[in-house]
Asker: 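Pasting in a structure now, in structure tokens, and then I'll have a few things to ask.
Positions are given from 1, in the same order as the sequence printed here. All figures in this text were calculated on a predicted structure; none of them were measured in a lab.
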Amino acid sequence: MEATRFRILMVDDVTRYHSLYEMAITDVLPAKVHFATNGEEALEKLKSPVPFDLLILDLNMPKLGGEETLKRIRLDPSYDNMPVIILTGDPDKDTHRRLIELGADDFVEKGSPPEIFVARLKAQIRHKLALDRLSEV
């Protein structure tokens with residue numbers, strides 16, 4: 001069995017789905033999935049001395065929502081190479097455009113098939129690995 005290689009933080013206040021997301025991710029990626037239930041908790045967990053490779057961020061959460069959390073993360077240059085995937089049920093293209101302008105890297109619609117969810121995660125991990133290699137040069 002391959003050792004855990006990637007650290008993923010998933011921020012979603014609906015905890016009953018956490019184990020399903022974790023299984024979908026760890027079945028195809030050598031990853032450890034950590035969870036937060038709101039933006040405030042996510043910002044605290046991101047301060048970990050071991051950086052996260054990917055952030056999956058729900059938009060609608062109590063205390064601090066996804067959009068404000070994204071804004072705060074993108075103000076900190078230490079998270080420049082960390083992809084952020086927005087988990088949303090909002091199909092509004094203006095919302096998507098605004099979030100991309102704020103620094104989101106991709107979107108996954110809630111209720112997407114696990115294959116689509118995982119394919120988007122894999123694509124962002126590949127992108128992050130390429131950025132990491134470039135920054136080492």
Asker: Using atom types as modelled and distance alone, determine if a side-chain donor or acceptor of Lys63 lies under 3.5 Å from a backbone N or O of Gly39.
Answerer: no

Asker: Treat each ILVMFWY residue as a node, draw an edge where side-chain heavy atoms are under 4.5 Å apart, and state whether Leu43 and Met10 are in one component.
Answerer: no

Asker: Kindly give the heavy-atom pair with the smallest separation between Leu64 and Met61, and that separation in Å.
Answerer: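 Of all heavy-atom pairs spanning Leu64 and Met61, the closest is O-CE, 3.7 Å.
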
Asker: For the residue pair Val11 and Ala42, what are the closest heavy atoms and their distance?
Answerer: CG2-CB, 3.5 Å

Asker: Could you tell me whether a side-chain N or O of Arg7 sits under 3.5 Å from a main-chain N or O of Val50, the two making a donor and an acceptor?
Answerer: yes

Asker: Do Phe35 and Leu29 belong together in a cluster built from hydrophobic side chains that touch within less than 4.5 Å?
Answerer: yes

Asker: As an exercise, state the distance from CG of Leu54 to NZ of Lys122, rounded to the nearest 0.5 Å.
Answerer: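 Answer rounded to 0.5 Å: 13.5 Å.
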
Asker: Side chains of Leu75 and Lys71: closer than 4.5 Å at any heavy-atom pair?
Answerer: no

Asker: Is there a side-chain contact between Phe6 and Leu129, using heavy atoms and a 4.5 Å cut-off?
Answerer: yes

Asker: Under 4.0 Å between a side-chain nitrogen and a carboxylate oxygen: does that hold for Lys128 and Asp132?
Answerer: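 Here Lys128 pairs with Asp132 in a salt bridge, since their nearest N and O are under 4.0 Å apart.
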
Asker: Do you know which two heavy atoms are closest between Ala31 and Thr26, and how far apart they sit?
Answerer: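 Looking at all heavy atoms of both residues, the closest pair is O-CG2, 3.2 Å.
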
Asker: Looking at Asp58, Asn60, Thr88, which hits side-chain hydrogen bond (donor to acceptor under 3.5 Å, both in side chains) with Lys110?
Answerer: Asp58

Asker: Could you see if Val28 belongs to whatever hydrophobic cluster contains Leu87? Use Ile, Leu, Val, Met, Phe, Trp, Tyr and a side-chain cutoff under 4.5 Å.
Answerer: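 Yes, Val28 and Leu87 fall within the same hydrophobic cluster.
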
Asker: Taking the side chain as everything from C-beta on, heavy atoms only, tell me whether Val108 gets closer than 4.5 Å to Ile56.
Answerer: no

Asker: Should we count NE2 of His96 as having more than 12 external heavy atoms under 6.0 Å?
Answerer: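 Check passes, neighbour count above 12.
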
Asker: Please determine whether a side-chain nitrogen of the Lys or Arg among Arg98 and Glu101 lies less than 4.0 Å from a carboxylate oxygen of the Asp or Glu.
Answerer: no

Asker: Which residue is it: Val84, Ile86, Ile85, Leu99? I am looking for the one with a side-chain contact (heavy atoms from CB on, under 4.5 Å) to Asp106.
Answerer: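 One option only clears the test, and that one is Ile85.
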
Asker: For a 4.5 angstrom cut-off between non-hydrogen side-chain atoms, does Phe52 reach Leu46?
Answerer: yes

Asker: Quick one: CG on Asp92 to CG on Asp94, what's the gap to the nearest 0.5 Å?
Answerer: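 Atom-to-atom, Asp92:CG and Asp94:CG are 5.0 Å apart.
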
Asker: According to a hydrophobic-cluster definition based on side-chain heavy atoms being under 4.5 Å apart (Ile, Leu, Val, Met, Phe, Trp, Tyr only), do Leu9 and Leu59 belong together?
Answerer: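 Same cluster: Leu9 reaches Leu59 through Ile, Leu, Val, Met, Phe, Trp or Tyr contacts under 4.5 Å.
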
Asker: Minimum heavy-atom separation for Asp53 and Arg5, please, with both atom names.
Answerer: OD2-O, 3.9 Å

Asker: Would you say Arg120 and Ile116 make side-chain contact, with heavy atoms under 4.5 Å?
Answerer: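 They are in contact (side-chain heavy atoms under 4.5 Å apart), so the answer is yes.
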
Asker: Within this structure, what is the NZ-CG distance for the pair Lys47 and Asp76, rounded to the nearest 0.5 Å?
Answerer: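 Rounded to the nearest 0.5 Å, the NZ-CG separation comes out at 10.0 Å.
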
Asker: Working to the nearest 0.5 angstrom, can you tell me the gap between Leu102 CG and Leu70 CG?
Answerer: 5.5 Å

Asker: Check whether Arg74 reaches the backbone of Tyr79 with its side chain - one donor and one acceptor, N or O, closer than 3.5 Å.
Answerer: yes

Asker: Just how far is it from atom CD1 of Ile8 to atom CD1 of Ile25, taken to the nearest 0.5 Å?
Answerer: 5.0 Å

Asker: Using 0.5 Å steps for rounding, measure from the CD1 atom of Ile73 to the CE atom of Met82.
Answerer: 5.0 Å

Asker: Between Glu41 and Thr37 (side chain of the first, backbone of the second, donor and acceptor by atom type, cut-off under 3.5 Å), is there such a pair?
Answerer: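 It does hold such a pair.
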
